[in-house]
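Counting from 1, the numbers follow the sequence of the chain as shown. All heavy atoms count here, side chains included; hydrogens, waters and symmetry mates do not. Quick caveat, the model's predicted, so the values are computed rather than measured.
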Amino acid sequence: GLIKYVISQNVDGLHLKSSLLRSHLSELHGNMFMEICDKCGKEYLREGVVQTVGLKKTGNVCNGGGSRGRCRGKLRDSVLDWEDPLPKMDLERAENHSRRADLSLCLGTTLQIVPSGTLPLLTKKNGGKLVICNLQPTKYNKMADLVIHGYVDEVMEALMSKLGLSIPPAPPLWPCKAGTASFSDPK
């Protein structure tokens, strides 16, 4: 595919719903449909919104493998509150992919939240291109190879048309086919 990796600050879970593999996604601010075991790190993608925010315990228990066949760790929501640090593995993967990317395409963001907003600079620093598509100007517009002031939907529809690619219909929100997944490899 043309897109190798997605870095998102959205918590709506739509990237996973689109069938994007978890190993190709960093959700830096969490996912409102995701619970994570605080012991083994296993992730559980739920059909409904997890009822807590701020990495709080949800009351559910991990059924993943452990030394006796069951981890039994406590599950927490994955959506960050303002004072919470970004998830270490997601941030490491985002930084790694940003450094290796030949193009960073920033869609619908002013790039103001740090460190998320500085990730595209890693691409630029390592010889890649930076494209920004946003209605408002950003502080990195002068560094960008291309700046498009427009609605992301309209720009992406025009780009896909120019590339001769069709946009598949949006998948139904539920049931989610992703199930549960373990995510532990930071590379």
Side-chain angles (χ1 to χ4, degrees), residues 1-98 100-101 104-109 111 113 115-117 119-120 152-153 156 160 165-187:
L2 297 172
I3 297 174
K4 306 294 183 209
Y5 201 79
V6 173
I7 301 167
S8 178
Q9 296 178 89
N10 296 341
V11 298
D12 56 20
L14 293 178
H15 295 295
L16 290 176
K17 286 300 304 168
S18 74
S19 298
L20 181 68
L21 296 176
R22 180 66 174 99
S23 59
H24 294 260
L25 172 66
S26 283
E27 292 181 304
L28 296 180
H29 294 169
N31 180 328
M32 64 187 186
F33 297 97
M34 182 85 65
E35 288 178 286
I36 303 173
C37 176
D38 63 5
K39 189 173 178 184
C40 73
K42 183 173 180 178
E43 296 179 333
Y44 294 83
L45 189 59
R46 301 299 188 194
E47 191 169 309
V49 173
V50 176
Q51 296 301 308
T52 59
V53 173
L55 308 177
K56 293 181 180 69
K57 291 180 182 174
T58 63
N60 295 323
V61 178
C62 181
N63 63 5
S67 61
R68 296 183 186 161
R70 295 190 71 126
C71 171
R72 308 298 294 163
K74 307 295 184 209
L75 299 185
R76 295 178 178 270
D77 70 81
S78 67
V79 177
L80 304 183
D81 211 340
W82 286 103
E83 68 278 355
D84 295 322
L86 296 181
K88 185 177 186 227
M89 274 190 282
D90 279 283
L91 183 57
E92 286 175 0
R93 289 174 65 92
E95 289 170 343
N96 194 11
H97 283 277
S98 294
R100 294 190 335 235
S104 182
L105 181 58
C106 302
L107 302 172
T109 176
L111 301 170
I113 304 296
S116 308
L119 290 170
V152 171
D153 291 355
M156 293 308 293
M160 295 291 282
L165 299 171
S166 62
I167 299 174
L173 287 180
W174 302 113
C176 183
K177 295 179 183 173
T180 63
S182 183
F183 184 65
S184 58
D185 177 17
K187 294 177 181 55

Across all chains, not counting sequence neighbours, the side chain to side chain contact (heavy atoms under 4.5 Å, CB included) partners of Leu107 are Leu105, Cys133, Val152, Met156
Residues at least two apart in sequence or cross-chain that pass side chain to side chain contact (heavy atoms under 4.5 Å, CB included) with Gln9, listed by chain then number, are His29, Thr109, Ile113, Ser116
Counting C-beta onward and ignoring hydrogens, is there a side-chain heavy-atom pair between [X] and [Y] closer than 4.5 Å?
X: Glu27; Y: Met34; answer: yes
X: Asn31; Y: Glu43; answer: no
X: Ser98; Y: Tyr5; answer: no
X: Asn63; Y: Tyr44; answer: yes
X: Ser78; Y: Val11; answer: no
X: Cys62; Y: Leu75; answer: yes
X: Leu119; Y: Leu28; answer: yes

Polar side-chain atom of Arg93 near backbone of Asn96 as donor-acceptor pair, under 3.5 Å: no
Counting N and O atoms only, with roles assigned by atom type, does the side chain of Gln51 sit under 3.5 Å from a partner on the main chain of Val49, one being a donor and the other an acceptor?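 Side chain of Gln51 to backbone of Val49, a donor-acceptor pair under 3.5 Å: yes, one is there.
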Sorted by chain and residue number, the side chain to side chain donor-acceptor pair (under 3.5 Å) partners of Ser8 (sequence neighbours excluded) come out as His15
Contacts satisfying salt bridge (charged side-chain N to carboxylate O under 4.0 Å, His left out) that involve residues 71-89 (not counting sequence neighbours) are Asp38-Arg76, Lys88-Glu92
Worksheet item: Can you name the closest pair of heavy atoms from Met160 and Ser166 and give their distance?
Response: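 What the structure gives for the nearest pair is CE-O, 3.6 Å.
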Q | Under the salt bridge (Lys or Arg N to Asp or Glu O under 4.0 Å) test, residues paired with Glu35 that sit two or more places apart | A |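 Glu35 satisfies salt bridge (Lys or Arg N to Asp or Glu O under 4.0 Å) with Arg46 only.
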